[in-house]
Number of protein chains: 2
Amino acid sequence: MQQIQVACQNCALARLCLPVALGSEDLVKLDGLIKQPRAIDRNEHLFHMNDPFESLYIVRSGCIKTYTPSPSGEEQVTGFYLPGELFGLSGINSGKQPTAAQALERTNICELPFSKMDDVTQQIPALSQQIIKVMSDELMHDQELLGLLGKKSAEARIAAFLTNLAKRCSKRHLSATEITLNMSRSDIGNYLGLAEETVSRTFTRFVNEEILSVQRREVSILDPERLQKMTCSS
Amino acid sequence: MQQIQVACQNCALARLCLPVALGSEDLVKLDGLIKQPRAIDRNEHLFHMNDPFESLYIVRSGCIKTYTPSPSGEEQVTGFYLPGELFGLSGINSGKQPTAAQALERTNICELPFSKMDDVTQQIPALSQQIIKVMSDELMHDQELLGLLGKKSAEARIAAFLTNLAKRCSKRHLSATEITLNMSRSDIGNYLGLAEETVSRTFTRFVNEEILSVQRREVSILDPERLQKMTCSS
DNA sequence: CGTCTTATTGATTCAGATCAACGACGGTGG
DNA sequence: CCACCGTCGTTGATCTGAATCAATAAGACG
């Protein structure tokens, strides 16, 4: 399997990724730090829970889910990451991964070794600021999700999930109305604190109400406004 | 009302707070940045949602809750902050507060103006690293909470809430078994995605099972091990 | 073509929400 | 110092949304 060298400067995702705030000199330095993308097969793990924390990761293509296996066996899905999105931040302080990361399909990953970061934050102050910003976004995302799981109905959760996904898709110049779900109903349910059957039922209800059209994992959002409104119901 | 000048160097909370990783020179610089503590009365707001993001805040004494008012009127409590804890991180990137912050009792707050931070991260690289660490912890906390709200029973949620609180209390040299709740049952319920009545009922069930003894807002944890175990049930 | 995984649909059950009433403080003002 | 009022917490009765159990359908894939 050949490795295609792709410098951060030329990467199509640069506008979505860490380079977004860096000047061209800093970009060269960043290139020196980033490990070239490596491929991960569907269902393969990038890291497991409690693995030593070594790097930050960025999705280049495909999709990653993170989850925490609980002692009692089940798992809780904590996030889905799309191309250009950075993850693995929550292990920085404790030194070990508080989640596991698994590919939902064949996925390419860029790796930013964090051991070198101590030096780096001094070499590239703009980078440490950028990381702070990414973390801040991640915090906002979590808080949104918390609000959701805290007290919303199944309908509102699904609506918010799809709305959020649409937003992220459009950010990366994909259609905001024609979405492909990379994850199973069961993963969605787990993420949203719902049974997989409830996810299915809610989808069909939305189809009946002509808010969505759903075919397997292809979702068309027919009425984005109404979907948006359902987000904050109950 | 007099302002008592307390330098970070002499602050009793230094070991819990940002200074934890700073050398004495950096500490002096930090002191130059920190605004001296100001008092906030019970129920008063430190900031509202959508206020411009200007500072990071640290609780010196008292207790702060953060919440996001939803368009539909209700609110979702997203966190409680104890002395030594830093909050307000999630607004860094967007430039405005995604939550409101309200005092649960008379509370003293240290303020770290973030406008100066751009310069500061270069002056005190160790500080920006420390902030990254605090954010990482906050991310871990959120993920834990997500796991909780995702699929746990009311019992498990309350158990986890109390266990977490106990941990934080002991970290600040308060008893880990004799806890004073600064928040109402309703706040707890809101935070955990439960009705206030369910919180009450769960407390009394724990009392009957001799896991807790509860008097108003004074909670004694009689059987920490069992409480811990209930954390991951269902 | 058969097998395995994933999704849908139906029937039943149950945990927790909601509605409602009451009790216990704590603060305020007479 | 006590009586009143408002807030907060507890307890009971009922209802309901989503979980669970169970069966079937629809792809995906070798």
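Owing to the predicted nature of the structure, the values given are computational and were not obtained by experimental measurement.
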Any heavy-atom pair between the side chains of A:I211 and A:R205 that's under 4.5 Å?
no

Just the rounded figure in Å: distance from P of D:dT7 to CG of B:D187.
15 Å

Considering the terminal five base pairs at each end of the helix from C:dC1-D:dG30 to C:dG30-D:dC1, what angle separates the two local helix axes, rounded to 10°?
40°

To the nearest Å, how far apart are B:N43 CG and D:dG6 P?
17 Å

Student check: side-chain heavy atoms of B:L16 and B:L13 closer than 4.5 Å
yes

Tell me which donor-acceptor pairs under 3.5 Å the side chains of residues 46-57 of chain B have, and how far apart each pair is, sequence neighbours excluded?
| from | atom 1 | to | atom 2 | distance (Å) |
| --- | --- | --- | --- | --- |
| B:D51 | OD2 | B:H48 | N | 2.9 |
| B:S55 | OG | B:E111 | OE2 | 2.7 |

Between A:E218 and A:T180, do the side chains contain an N or O donor and an N or O acceptor separated by less than 3.5 Å?
yes

For B:R226, does its backbone N or O pair with a side-chain atom of B:D223 as donor and acceptor, under 3.5 Å?
yes

Just how far, in rounded Å, is P of D:dC8 from CG of B:N190?
14 Å

Distances under 3.5 Å only, N/O to N/O: pair up the protein atoms with those of nucleotides 14-16 of chain D.
none

Atom CD of B:Q215 and atom P of D:dT10: how far apart are they, to the nearest Å?
11 Å

Atom-to-atom span, CG of B:L181 to C1' of D:dT10 - whole angstrom
15 Å

Scoring nucleotides 7-17 of chain C by protein non-hydrogen atoms under 4.0 Å (B base, S sugar-phosphate only, - none) yields SBBBB----SS

So, B:R60 side chain and B:I109 main chain: donor-acceptor pair closer than 3.5 Å or not?
no

Which ring-ring contact (aromatic ring centres under 6.0 Å, His included) pairs, counting each pair once, include a residue from residues 142-161 of chain A, with sequence neighbours left out?
A:F161-A:Y191

Could you walk me through whether A:E75 and A:K65 pass the salt bridge (Lys or Arg N to Asp or Glu O under 4.0 Å) check?
CA-CA 12 Å; A:E75 48 185 70; A:K65 85 168 179 195; 3.4 Å; yes

Once you round it to whole Å, what is the distance between P of C:dG26 and CZ of B:R42?
12 Å

Keeping the roles fixed (side chain from A:T198, backbone from A:L194), state whether a donor-acceptor pair exists under 3.5 Å.
no

Check whether more than 12 heavy atoms from other residues, nucleotides or ligands sit under 6.0 Å from atom CZ of B:R217, and answer yes or no.
yes

Rounded off to whole Å, could you give me the CD1-to-P distance for the B:I188 and D:dC8 pair?
13 Å

Whole-Å distance separating the CG atom of A:L104 from the P atom of C:dT6:
11 Å

Enumerate the residue pairs fulfilling side chain to side chain donor-acceptor pair (under 3.5 Å) with a member in residues 162-174 of chain A, sequence neighbours excluded, ordered by first and then second residue.
A:E85-A:R168, A:N164-A:R168

